[in-house]
There are 2 protein chains.
Amino acid sequence: MPKRVDHAERRTAIAEALVRVAGRRGLHAVGMRDVAAEAGVSLRLVQYYFETKEKLLLFGLEHLAQRFGQRFAARAGAAGDDPGPRATAEALLMAALPTDEESRTFHHLYTSYAVLAVHDRALAAQPFIKNPDAAEDILTGLIREAQEADQAPPGVDARLEAVGLLAMSAGLGTSVLVGQRSPESAGAVLTHQLDRIFRGRH
Amino acid sequence: MPKRVDHAERRTAIAEALVRVAGRRGLHAVGMRDVAAEAGVSLRLVQYYFETKEKLLLFGLEHLAQRFGQRFAARAGAAGDDPGPRATAEALLMAALPTDEESRTFHHLYTSYAVLAVHDRALAAQPFIKNPDAAEDILTGLIREAQEADQAPPGVDARLEAVGLLAMSAGLGTSVLVGQRSPESAGAVLTHQLDRIFRGRH
DNA sequence: AACATCGTGGTACGTTCGTATCACGAAAAT
DNA sequence: ATTTTCGTGATACGAACGTACCACGATGTT
């Protein structure tokens with residue numbers, strides 16, 4: 001039985017177990033034993049592949065951010081071979097909305113990590129800056145692209161609108177998460193803003 | 001020494017201790033003993049006035065929501081005797097932004113509670129619906145008021161814009177909280193949107 | 001005056017958590 | 001063939017947590 005094992009693969013499997021159980025019961029309620037049970041391994045093995053809980057959480061966050069990127073790419077690709085800037089922007093913003101179970105978990109855990117990051121400098125150094133900044137750049141570029149193609153009025157400040165849209169998407173996501181708003185109504189609010197920013201004929 | 005005591009006053013004092021220590025170290029790291037020490041009372045007394053930790057948290061959330069309402073009222077009042085709809089709306093949105101230490105704590109704890117509410121039905125029943133819905137109604141009314149006074153174009157959908165603005169404010173608040181964005185830049189994004197919605201001469 | 005009740009302190013109990021320790025079989029290295 | 005390293009299990013440990021229990025003085029009630 002005991003042979004050579006791919007550590008990266010094992011760590012990913014355990015991180016996914018962490019994400020599953022955290023999505024089910026909340027990140028604050030997750031212990032090493034829960035992760036071990038969910039992954040179908042012994043507590044010792046979780047210790048073995050991640051020496052400490054903090055490192056497990058860190059890796060879990062990275063894994064989550066990576067999966068989120070994949071989700072966005074899938075959404076963007078599903079919009080056609082060469083989706084226009086508007087369709088790509090819509091995919092980016094809608095991907096962040098908690099519509100199905102997977103995106104609910106995304107948003108929930110990302111927010112949990114953000115709350116922890118307020119007082120944990122190890123977490124604060126992680127992708128809370130890098131990742132959203134990248135999204136901001138992409139969205140800004142999409143708006144500028146639309147402006148050059150006469151699909152958006154030149155008067156709008158691309159960066160300011162991009163930042164606003166991303167913040168709006170995040171805020172709407174939270175209100176959907178806590179049950180204050182339906183995913184459909186949140187989507188309608190975003191669509192309304194996109195209609196305003198992306199409109200042709202000037 | 002031991003005489004009849006005002007329970008409500010005592011509970012408030014303890015709840016404020018909870019808010020202080022949670023703002024300092026994070027809600028997840030707060031124990032009954034911490035609250036007791038911060039309030040300058042014994043652990044037994046915290047148990048006496050709030051029988052269980054869950055009830056303490058619940059009351060803490062109510063207290064926080066109440067203080068937030070006071071903060072908004074103070075901001076609105078500081079804008080003059082009869083502030084216009086634009087100024088009132090700006091006060092409402094800016095009050096939610098984590099600018100000073102108090103508002104940082106507000107936003108941080110409110111988000112913490114929101115995350116817990118995802119899997120705790122006792123918290124979910126609390127003011128996550130009631131409170132933001134009220135803010136939404138107020139803001140919608142302010143936009144309509146401005147439209148009737150020709151201080152906003154009649155074409156905008158007041159409710160849709162109100163929802164968007166509140167979500168944007170919340171989202172910006174989070175990014176300020178985690179250090180991704182400065183309070184000033186977040187304020188600029190909101191001001192930009194307000195400039196768009198509230199503009200006279202039609 | 002006797003008694004019940006309230007506010008308070010101290011402390012103990014049972015659980016859970018993250019981490020550390022010991023042990024051991026199988027593969028790889030020498 | 002012997003020795004080292006790797007993957008794995010079981011279990012123990014110390015700390016922290018929420019809660020429960022016991023005691024007691026002061027106040028209000030009868």
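A note on names: the letters A, B, ... follow the listed sequences, proteins ahead of strands, and every chain is numbered from 1. Heavy atoms only: backbone and side chains are in, while hydrogens, waters and symmetry mates are out.
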Below 4.0 angstrom from OP1 or OP2 of D:dG18, is there any side-chain N or O of B:Thr52?
no
Would one find a side-chain N or O of A:Tyr48 under 4.0 angstrom from OP1 or OP2 of D:dT8?
no
Taken to the nearest whole Å, NE2/B:His28 to P/C:dC17 is 15 Å
Assign each of B:Val41 and A:Glu51 the nucleotide of DNA chain C bearing its closest heavy atom; nearer the 5' end lies the nucleotide of B:Val41
Interatomic distance where NZ belongs to B:Lys53 and P belongs to D:dA20 [whole Å]
15 Å
Looking only at side-chain N and O atoms, does B:Ser42 come under 4.0 Å of OP1 or OP2 in C:dT8?
no
For DNA chain C, find the residues of residues 32-39 of chain B with a heavy-atom distance under 4.0 Å and give them by number; none if there aren't any.
B:Arg33
Mind telling me whether B:Phe106 and B:Phe68 have parallel, tilted or perpendicular rings, with 30° and 60° as the class edges?
perpendicular
In whole angstroms, how far is the P atom of D:dG7 from the CD atom of A:Glu9?
13 Å
When rounded to whole Å, the CG to C1' distance for the pair A:Leu57 and C:dT19 reads 15 Å
Could you state the atom-to-atom distance from CD of B:Glu54 to C1' of D:dG18 in whole Å?
12 Å
Starting at CD of A:Gln47 and ending at C1' of C:dC17, how long is that distance when rounded to a whole Å?
11 Å
By nearest-heavy-atom nucleotide on DNA chain D, the more 5' of B:Gly31 and A:Asp6 is A:Asp6
Classify the nucleic acid contact of B:Val46 as base, sugar-phosphate or nothing, counting any heavy atom under 4.0 Å across all strands shown.
nothing
Within a strict 4.5 Å, meaning less than it, do heavy atoms of the B:Gln147 and B:Pro153 side chains meet?
no
Relative to each other, are the rings of A:Tyr49 and A:His7 parallel, tilted or perpendicular (30° and 60° limits)?
perpendicular
Does the side chain of A:Arg67 come within less than 4.5 Å of A:Glu16's, by heavy atoms?
yes
Provide, to the nearest angstrom, the distance between the NZ atom belonging to A:Lys55 and the C1' atom belonging to C:dT19.
13 Å
Does A:His7 make a side-chain N or O approach to OP1 or OP2 of D:dG7 shorter than 4.0 Å?
yes
Closest to the side chain of B:Val5, out of D:dT19, C:dG7, C:dG9, is C:dG7
Could you give the CG-to-P distance, from B:Leu43 to D:dG18, as a whole number of Å?
9 Å
Honestly, is A:Arg11 close enough over A:Phe59, meaning NZ or CZ under 6.0 Å from the six-membered ring centre and within 45° of the axis?
yes
Could you tell me if the side chain of B:Arg86 sits less than 4.5 Å from the side chain of B:Ile197, heavy atoms only?
no
Scan B:Tyr49 against the nucleic acid and name what it touches under 4.0 Å (heavy atoms): base, sugar-phosphate only, or nothing.
sugar-phosphate
Would a 4.5 Å heavy-atom cut-off, applied to side chains only, mark B:Arg10 and B:Phe50 as touching?
no
